[in-house]
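Presented below is the structure to which this report refers.
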Amino acid sequence: MSGKVERILKSATSDSELKRDEIISLLEVSAPDQKRNLFSTAYEVKKRTVGPVVYFRGLIELSNRCNKDCYYCGIRKSNRLVPRFRLEVDEVVEAAVWAHRNGYGSLVLQGGELQNDSHTRYITEALSKIHAATNNELAATLSLGEQSREVLRQWREAGAHRYLLRMETSNQKLYKQFHPDNHQWESRMQCLSDLRSEDYQVGTGVLIGLPGQTLGDLADDLLYIRDLDVDMVGMGPFIPHDDTPLASHVKTFDKNAQLEMGLKMLSCTRLLLPDVNIAATTALQALSDTGRELGLQAGANVVMPNVTDPKYRAVYQLYNGKPSINENSEQSRAGFEKSISSIGETIGFGLWGNSPRYKKRNC
Ligand code: SAM
């Protein structure tokens with residue numbers, strides 16, 4: 001077995017792309033030396049292709065109002081236990097200005113999914129005011145769910161550069177199992193295609209470790225993401241949220257196993273797509289205090305320090321155990337700086353940090 005894993009890693013780092021059965025073999029490694037080998041090989045690929053630099057994306061969680069009802073998500077429409085909020089545009093701009101002053105090269109505006117004119121205008125106004133207040137120096141990423149092509153165009157024109165929209169899973173049967181009937185996998189995929197047509201840098205990703213998901217499903221997810229030819233990948237382990245329908249179907253939750261599968265998926269992504277930007281997502285840190293360092297050492301090169309006013313953080317909980325709920329932006333930044341220097345990497349202050357893949361596509 002050990003020889004097999006070494007052979008796969010060797011060929012993945014030379015001339016041949018990972019195949020489905022090889023990804024499955026890497027996802028099932030359990031011996032500590034093989035896991036170390038997988039993570040460190042992916043880490044070397046990351047250093048070679050995107051460098052030992054971590055890019056900051058200041059995360060603004062601007063609203064938990066959502067019209068979707070995903071069975072796993074803490075801010076789903078039917079969760080009546082969560083108080084709903086939306087930041088004022090001035091509060092969004094204030095957080096963006098803080099990020100800019102602190103040398104963050106880019107922002108992510110994330111929130112629940114709403115499709116109406118007032119929401120479209122709110123985001124348009126926030127984007128315009130952010131750019132006016134920061135000299136057009138910040139790259140802006142949106143993560144606001146599925147939207148029509150017209151709305152995507154309006155936000156692109158108002159200054160959005162990138163968009164993150166997880167497909168959640170490439171397995172349509174699994175998608176149906178975790179969403180109500182009026183949520184369509186095909187619409188999500190159409191939106192990903194519209195984003196490319198509207199000239200966004202596109203990011204996608206999946207939930208890792210959903211009940212009933214197989215290693216074959218995860219391997220298919222990675223091959224699907226490869227075929228979409230995205231610029232960014234943001235994937236993370238599924239973590240139950242007590243006030244969701246899916247939580248009652250999760251009998252036992254093994255934090256370590258979820259973390260480990262999340263890290264293996266990051267490494268396989270880096271081996272398959274050496275030149276994309278890959279996020280070490282907050283869910284990793286929710287599973288372990290050192291989750292983000294482990295993510296960076298398994299192949300990720302992007303982190304999203306939260307810059308939202310702490311008073312809103314507790315009501316933007318997608319899953320149990322969201323980390324850093326009581327931290328302010330300064331404390332979050334200090335924590336990230338410490339983690340990153342502890343693994344001998346540097347922070348790309350003031351840089352937009354486009355992926356090499358995006359740069360190649362546009363030269
Ligand atoms: N509404 C936007 C959308 O649908 O893309 C952005 C916000 S949504 C809450 C962001 C991501 O959170 C989702 O794509 C999903 O993968 C993730 N998420 C939701 N519930 C989760 C859970 N219980 N565990 C881990 N990730 C979760």
Side-chain angles (χ1 to χ4, degrees), residues 57 59-79 82 84-86 108-115 119 123 141-147 151-152 155 160 162-170 174-175 178-180 182-185 187-192 194-195 200 202-211 213 218 221 225 230 232-250 253 255 258-259 261-262 265 279-287 291 295 304 306 308 312-313 315-323:
R57 315 299 191 209
L59 174 65
I60 305 179
E61 295 165 336
L62 47 80
S63 169
N64 65 359
R65 296 181 192 162
C66 191
N67 254 332
K68 285 285 182 86
D69 232 350
C70 312
Y71 296 152
Y72 44 81
C73 185
I75 62 167
R76 65 195 297 270
K77 182 183 180 178
S78 298
N79 182 4
V82 62
R84 301 290 165 168
F85 76 93
R86 187 181 86 167
V108 177
L109 308 187
Q110 195 189 74
E113 181 175 313
L114 295 176
Q115 284 126 348
H119 182 63
I123 299 297
T141 305
L142 301 180
S143 171
L144 299 166
E146 293 161 45
Q147 300 291 339
V151 170
L152 296 175
W155 289 345
R162 305 170 177 151
Y163 206 104
L164 293 172
L165 183 74
R166 288 186 181 177
M167 69 169 89
E168 312 299 2
T169 169
S170 62
L174 216 50
Y175 188 89
F178 297 118
H179 299 90
N182 61 355
H183 294 33
Q184 303 291 332
W185 183 85
S187 319
R188 227 162 160 81
M189 303 315 289
Q190 181 60 48
C191 187
L192 281 169
D194 290 346
L195 284 163
Y200 280 84
V202 181
T204 195
V206 293
L207 280 162
I208 301 162
L210 286 164
Q213 190 180 43
L218 291 172
D221 288 343
I225 292 173
V230 292
M232 313 171 287
V233 176
M235 54 171 72
F238 156 70
I239 303 172
H241 184 293
D242 285 342
D243 305 321
T244 60
L246 192 54
S248 57
H249 293 275
V250 180
F253 183 70
K255 269 182 154 189
Q258 284 298 87
L259 174 67
M261 194 52 73
M265 281 288 281
T281 51
T282 317
L284 292 173
Q285 209 198 332
L287 295 172
M304 300 198 269
N306 203 327
T308 318
Y312 298 110
R313 295 192 193 188
V315 283
Y316 195 92
Q317 290 210 59
L318 312 179
Y319 42 75
N320 293 341
K322 176 183 180 176

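Both counts, for ligands and for their atoms, begin at 1 and track the order of listing.
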| message | Among all the protein's non-hydrogen atoms, which is closest to atom 22 (C) of ligand 1, and how far away is it? | response | Ile239 O, 3.4 Å
| Purely on distance, is any nitrogen or oxygen of Gln110 under 3.5 Å from one on ligand 1? | no
| Where on Leu318 is there a heavy atom closer than 4.0 Å to ligand 1, on the side chain, on the backbone, on both, or on neither? | both
| message | Rounded to the nearest 0.5 Å, what separates atom CD in Gln115 from atom CD in Glu146? | response | 7.0 Å
| note | Among non-hydrogen protein atoms, atom 25 (C) of ligand 1 lies closest to Pro237 O, 3.4 Å
| When only distance counts, is Gly111 in polar contact with ligand 1, meaning an N/O pair under 3.5 Å? | yes
| Verify atom 8 (S) of ligand 1: protein non-hydrogen atom under 4.0 angstrom away | no
| message | Using side chain to side chain contact (heavy atoms under 4.5 Å, CB included), reason through Ser143 and Leu59 one step at a time and then give a plain yes or no. | response | CA-CA 10 Å; Ser143 171; Leu59 174 65; over 6 Å; no
| field | Pair Asn306, Glu61: side-chain N/O donor-acceptor within cut-off below 3.5 Å | value | yes
| Who's the nearest protein heavy-atom neighbour of atom 27 (C) of ligand 1, and how far? | Leu207 CD2, 3.8 Å
| Between CD of Gln147 and CG of Leu142, what distance do you get to the nearest 0.5 Å? | 9.0 Å
| field | Structural part of Pro240 in contact with ligand 1, heavy atom criterion under 4.0 angstrom | value | neither
| task | Scan Thr244, Leu207, Leu318 and name whichever one has a side chain to side chain contact (heavy atoms under 4.5 Å, CB included) with Tyr72. | result | Leu207
| Enumerated ligand 1 atoms positioned under 4.0 Å from heavy atoms of Arg166 | 14 (O), 15 (C), 16 (O), 17 (C)
| query | N/O to N/O below 3.5 Å, does that happen between Arg188 and ligand 1? | reply | yes
| Criterion salt bridge (Lys or Arg N to Asp or Glu O under 4.0 Å) against Glu113, the qualifying member of Lys68, Arg76, Lys77, Arg166 | Lys68
| task | First locate atom CD of Gln258, then atom CD1 of Ile208, and finally report the distance between them rounded to the nearest 0.5 Å. | result | 8.5 Å
| task | Answer side chain, backbone, both or neither: which part of Glu146 comes under 4.0 Å from ligand 1, heavy atoms only. | result | neither
| query | Got a second to check how far Met235's CE is from Thr169's OG1, nearest 0.5 Å? | reply | 11.0 Å
| said: Which residue and atom name correspond to the protein heavy atom nearest atom 14 (O) of ligand 1, and how close is it? | reply: Glu168 OE2, 2.6 Å
| For ligand 1, which atoms have a heavy atom of Glu113 less than 4.0 angstrom away? | 1 (N)
| task | For the residue pair Phe85 and Tyr316, categorise the inter-ring angle as parallel (less than 30°), tilted (30 to 60°) or perpendicular (more than 60°). | result | perpendicular
| field | Per-residue contact class, Cys73 against ligand 1 - non-hydrogen pairs under 4.0 Å | value | both
| field | From SG (Cys70) to CG (Leu246), nearest 0.5 Å | value | 11.0 Å
| message | Applying a heavy-atom cut-off of 4.0 Å, say which part of His241 lies close to ligand 1: side chain, backbone, both or neither. | response | neither
| said: Check contact between Ser143 and ligand 1, using heavy atoms of the residue and a distance below 4.0 angstrom. | reply: yes
| query | Does the ring center of His241 lie less than 6.0 Å from the ring center of Tyr71? | reply | no
| said: With nothing but distance in play, are any N or O atoms of Tyr72 less than 3.5 Å from an N or O of ligand 1? | reply: yes
